Amino acid sequence: MTTGSADTLTAVINLDLPGPTISRHIYGHFAEHLGRCIYGGFYVGEDSEIPNEGGIRLDVVEALRALRIPNLRWPGGCFADEYHWRDGIGPREERARTVNSHWGDVVEDNSFGTHEFMQLCELLGAEPYINGNVGSGTVREMSEWVEYLTRADDSPMAALRRANGRDEPWQLSFFGIGNEAWGCGGNMTAPQYTHLARQYATYVRNHGEKPVYKIAAGANVDDYGWTESLMKSLSGLGGAHAQHTHVQGLSLHYYTHSGPWEDKGDATRFDDEAYYVTMKRARRMEELVRGHAAVMDSYDPERTVGLVIDEWGTWWNVEEGTNPGFLYQQNTLRDALVASVHFDTFHRFADRVAMANIAQTVNVLQAMILTDPDSGALVLTPSYHVFEMNTGHHDANSLPVGIKGTVPTREVEGSEVSLFSASASTKDGTALISLSNLDASSARTVVLDLRGRTVTGHSARLLSAPTLQTHNTPEQPDAVSPVAHTGIREHAHGLEVDLPAHSYVTVQLQLG
Ligand code: AHR
């Protein structure tokens, strides 16, 4: 047992002061008709040699079930605002062929549609988050989609669903009122979209017992005016019909890259400078959540409207030789650390962040799973492992983490960036502590000053690798994967944990 020196980094955690619940939905996912996310990723078709159920890859489902995916967003993204749901129902061979103009300008055969998506959610045990079409669709089209999905009686859309082989209505948890309305979703101004959102959301009816949680297409990065416009207008709604008109959430999109938009940086070939710029930009999520939450607080002090960060993650230049419109990128230990610091922010703002969706689950952007287009081999990425290591935070109560001592920092593009990040939560007589050492080259030791409850047992897991560029491949699938961490000792105040350079560690406590 050791005691800390004056400049020891100490994380003080009051185990008996549970804060707001961290919704499991912040661990949500996103599957767009983009590149090989749906086709080749989730869906291979019933005739594939890859084991599947109704065309859905069973190895992908099995790997994702370990993450306890709480919700899955579909069909986009930008694709959502050019998707017409009737193209994707009925016998597959009769389905319309359309053009996916946003992503690769490829022909979409619509073989994966509403029924396939709902089956995928059932296989994953995930709640569906469907994003509606405001940009090029009609109010009636959106309204009828929801009726088709959720109505039990013999209404026209329920009858159509039955004719297509599904008797029982599905439960639709979340519905997006358009996507990126300020950009690919129609290039609208904030007032223009705000008016439309009120109108479209009105006709997303609750046909089933469970009300649909409606999400307005929110801001891009730091466009606080957009959030203000939505909040002002939405808080003006009320009275007897409020439940039909309100949206329950506003979205926010923010991606991390180390270069400018035109040259975002390479996924695997980067130096320390690009790494630290990446970390600075990843940590910007905290500033954005704080900023948007402040605007929301001024209209909604009770925090009834959720901030839904339904697109986040790294966005690098595509891998050489791949279709630029398919957004296929590798995923290294750096991506894993981007994920871990995002989750720390989401945990800290658990009373406002209702949901978040990594972009995207398979073969696109910061994916959990990469599949080989030729062999079909499946690889779990370093980011996957952070999601898996964090399952204990799902629906746990957030615990504030106070930091004592000198936090290591580094100057990046003119400001100091903290190289340490932590968050904690508690549930069911346990606590889970997340610790990220973002220093590229120096190890650190942190003391966990554990107060308020007796700790009867502990264990730790470590995710790291020799270099930040390390990634998993079919040949080396476990180059970055979690191992039991032995660098943890008892300490006068609780525990002392070694954090290797560029590492993510979780500490699990049993509480008496
Ligand atoms: O996730 C890729 C794209 O990024 C989405 O389609 C769009 O909403 C965003 O710009």
Side-chain angles (χ1 to χ4, degrees), residues 28-39 41-42 71-84 98-106 108 112 117 129-137 174-188 193 197 215-223 226 249-257 260-262 264-265 267 281-282 285 288 307-319 322-331 335 338-339 342 355-370 381 383:
H29 283 257
F30 176 29
E32 182 166 12
H33 287 237
L34 196 179
R36 296 189 297 110
C37 182
I38 296 294
Y39 299 113
F42 277 110
N71 68 77
L72 184 63
R73 178 175 182 240
W74 173 83
C78 295
F79 183 78
D81 278 297
E82 64 177 0
Y83 183 65
H84 301 281
T98 52
V99 174
N100 187 338
S101 58
H102 284 292
W103 305 119
D105 204 33
V106 293
E108 161 71 57
F112 188 93
F117 173 66
Y129 171 9
I130 290 187
N131 210 113
N133 178 346
V134 171
S136 69
F174 307 100
F175 195 86
I177 313 297
N179 168 71
E180 295 194 353
W182 38 263
C184 65
N187 284 308
M188 298 179 209
Y193 172 70
I215 299 164
N220 184 29
V221 192
D222 56 358
D223 187 351
W226 187 281
L250 310 184
S251 70
L252 166 66
H253 289 182
Y254 174 63
Y255 285 98
T256 299
H257 32 91
W261 182 253
E262 309 72 46
K264 302 176 187 68
R281 297 189 183 176
M285 181 55 93
L288 297 173
L307 183 59
V308 175
I309 303 158
D310 56 13
E311 289 187 29
W312 68 272
T314 55
W315 191 327
W316 308 119
N317 297 337
V318 298
E319 292 300 318
T322 65
N323 187 327
F326 282 11
L327 309 187
Y328 177 77
Q329 66 189 40
Q330 255 302 346
N331 193 297
D335 296 81
V338 167
H342 274 73
M355 183 163 158
N357 301 74
I358 182 84
Q360 300 191 8
T361 313
V362 190
N363 290 334
V364 169
L365 300 178
Q366 191 175 349
M368 304 295 104
I369 290 176
L370 300 176
T381 66
S383 300

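Excluded from the calculations below are hydrogen atoms, water molecules and symmetry mates; all remaining heavy atoms, backbone and side chain alike, are included. A quick note: this is a predicted structure, and the numbers were derived from the prediction, not measured. Numbering of ligands and ligand atoms starts at 1, following listing order.
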Is the distance between the ring centroids of Tyr83 and Trp74 under 6.0 Å? yes
Between the side chains of [X] and [Y], does any donor sit under 3.5 Å from an acceptor?
{"X": "Glu82", "Y": "His102", "value": "no"}
{"X": "Thr314", "Y": "Asp335", "value": "yes"}
{"X": "Gln366", "Y": "Thr256", "value": "no"}

Compile the protein residues with any heavy atom at a distance under 4.0 Å from an atom of ligand 1; present them by chain, then by number. Phe30, Glu32, Leu34, Gly77, Cys78, Trp103, Asn179, Glu180, Tyr255, Glu311, Trp315, Gln360, Leu365
Flag this pair as yes if the NZ/CZ of Arg73 is under 6.0 angstrom from the six-membered ring centre of Phe174 and inside a 45 degree cone about the axis; otherwise no. no
Measure the shortest side-chain to side-chain distance between Leu370 and Gln330 over non-hydrogen atoms and say whether it is less than 4.5 angstrom. yes
